[in-house]
2 protein chains.
Amino acid sequence: MGVVARSVAGVLEIVTLPQFRVLVVLDNSGPLRMGVLGEAIGVLPSTLSRAIDRIVEAGWVRRTTRPTSRREVLIELTPAGQNLVTHALEQRRDNIAEILSVLSPDEKAAIVSAFELFAGAAGETSTEDLLILGI
Amino acid sequence: MGVVARSVAGVLEIVTLPQFRVLVVLDNSGPLRMGVLGEAIGVLPSTLSRAIDRIVEAGWVRRTTRPTSRREVLIELTPAGQNLVTHALEQRRDNIAEILSVLSPDEKAAIVSAFELFAGAAGETSTEDLLILGI
DNA sequence: CGCAACGATTGCAAGCATACACTTTTGGTG
DNA sequence: CACCAAAAGTGTATGCTTGCAATCGTTGCG
């Protein structure tokens, strides 16, 4: 739980949680249309529109128009936005790696198999659940 | 991660994250003075004062004056507020119990020792970290 | 008592998220 | 072409959080 909390903590000093959710979805799915994006994170189009205004202003995403349909607006991560998400995920991975570094290979192996066991029993975690925290 | 996310998800439909942080701190420490409470969750007194206004309005906490010093205001959970926090923690415990229920005693034992190993290696998790998500 | 420090609150202001209703532009279809 | 539906955005409004500065009551001390 501490690992999860810390991984969220860093990002929340830079962007808000709803904003981070947008970035995470885009990182997972690539550029998305406003409508699809809004549905993915569960907000109304008007809410998303203004949220994107602010995220564009901050430089994390870009609005693009698809050549085939000028009424559709594609949202895509800028390099900075991509960087932000990647960095956040790396930080958590590093945090875990650091924790594991003090353990012996046998201990690590035991942890890996136990975690896999637990994850298997937990079943598929819905993307929506993870999206709540942007993880 | 899914377990953590779900445990936060339910509560966030009832109170905001800053509000839930207040409740969690009170649940941990018992009734607190405004100043102490504000410092614990890292907000300015003015912010807290208005936040408490809303939480009192919602019925989760109560303002009390200490007999010895009438300028100090004690904040304490109402039964409803206590219930909210307790319920949130129970829900996470139930969620984990349900996951574990499909496993054999041996598997459970392996998971317990592996998790203890990991938690030990991770060291003490600072309360501040956990407070970010109200966990 | 009088004054300084303390503790909480309020005035004022800004930013963000959210919702409902409405408008504008665009695409598809009869 | 004319019309309808899709897609995005605006107008308007509400509520929460946060911050800085100022105020009000209270306590402690000389």
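Keep in mind it's a predicted model, so treat the numbers as computed, not measured.
Of the residues in residues 128-135 of chain A, not one comes within less than 4.0 Å of DNA chain D through any heavy atom. The stretch residues 8-16 of chain B has no heavy atom under 4.0 angstrom from DNA chain C at all. Annotation: proximity of residues 17-28 of chain A to DNA chain C (heavy atom, distance under 4.0 Å) is found for A/P18, A/Q19, numbered in ascending order.
Side chain of B/R92 to backbone of B/V4: no donor-acceptor contact under 3.5 angstrom is found. Listed for the A/S29 side chain is no donor-acceptor partner under 3.5 Å among the backbone atoms of A/L26. Using a distance-only test at 3.5 Å, with no hydrogens or angles considered, no donor-acceptor pair links the side chain of B/S49 to the main chain of B/S46.
Residues forming a salt bridge (charged side-chain N to carboxylate O under 4.0 Å, His left out) with B/R66 (at least two apart in sequence, or on another chain): B/E72. Shown here are the salt bridge (charged side-chain N to carboxylate O under 4.0 Å, His left out) partners of A/E128, two or more places apart in sequence or in another chain: there are none. Partners of A/R6 by salt bridge (charged side-chain N to carboxylate O under 4.0 Å, His left out), not counting sequence neighbours, listed by chain and number: B/D129.
Within the structure, no pair that satisfies the ring-ring contact (aromatic ring centres under 6.0 Å, His included) test touches residues 71-109 of chain B, not counting sequence neighbours. Residue pairs that meet the ring-ring contact (aromatic ring centres under 6.0 Å, His included) test with at least one member in residues 35-74 of chain B, sequence neighbours left out, do not exist here. Annotation: ring-ring contact (aromatic ring centres under 6.0 Å, His included) contacts involving residues 90-135 of chain B, sequence neighbours excluded, comprise A/F115-B/F115, A/F115-B/F118, A/F118-B/F115.
Bracketed by its first and final contacts, the part of DNA chain D lying under 4.0 Å from non-hydrogen atoms of chain B reaches from D/dC16 to D/dT27 in 5' to 3' order.
An angle of 10°, rounded to 10°, separates the two end axes of the helix from C/dC1-D/dG30 to C/dG30-D/dC1, each defined over five pairs.
Between A/L23 and A/I55 the shortest side-chain heavy-atom distance falls below 4.5 Å.
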Could you walk me through whether A/L77 and A/L84 satisfy the side-chain contact (heavy atoms from CB on, under 4.5 Å) test, starting with their C-alpha distance in whole Å, then the side-chain angles of each, then the deciding distance to 0.1 Å, before giving a yes or no? CA-CA 10 Å; A/L77 290 173; A/L84 182 66; over 6 Å; no
Tabulate atom names and distances for all N/O pairs under 3.5 angstrom spanning the protein and nucleotides 5-9 of chain C.
| unit_1 | atom_1 | unit_2 | atom_2 | d |
| --- | --- | --- | --- | --- |
| C/dC6 | O2 | B/R71 | NH1 | 2.7 |
| C/dG7 | O3' | B/R33 | NH1 | 3.3 |
| C/dA8 | OP1 | B/R33 | NH1 | 3.4 |
| C/dA8 | OP1 | B/M34 | N | 3.0 |
| C/dA8 | OP2 | B/R33 | NH1 | 2.9 |
| C/dA8 | OP2 | B/G35 | N | 2.7 |
| C/dT9 | OP1 | B/R63 | NE | 2.7 |
| C/dT9 | OP2 | B/S49 | OG | 3.3 |
| C/dT9 | O5' | B/S49 | OG | 3.3 |

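Transitive grouping of hydrophobic side chains (ILVMFWY, heavy atoms separated by less than 4.5 Å) brings A/M34 and A/L131 into a common cluster.
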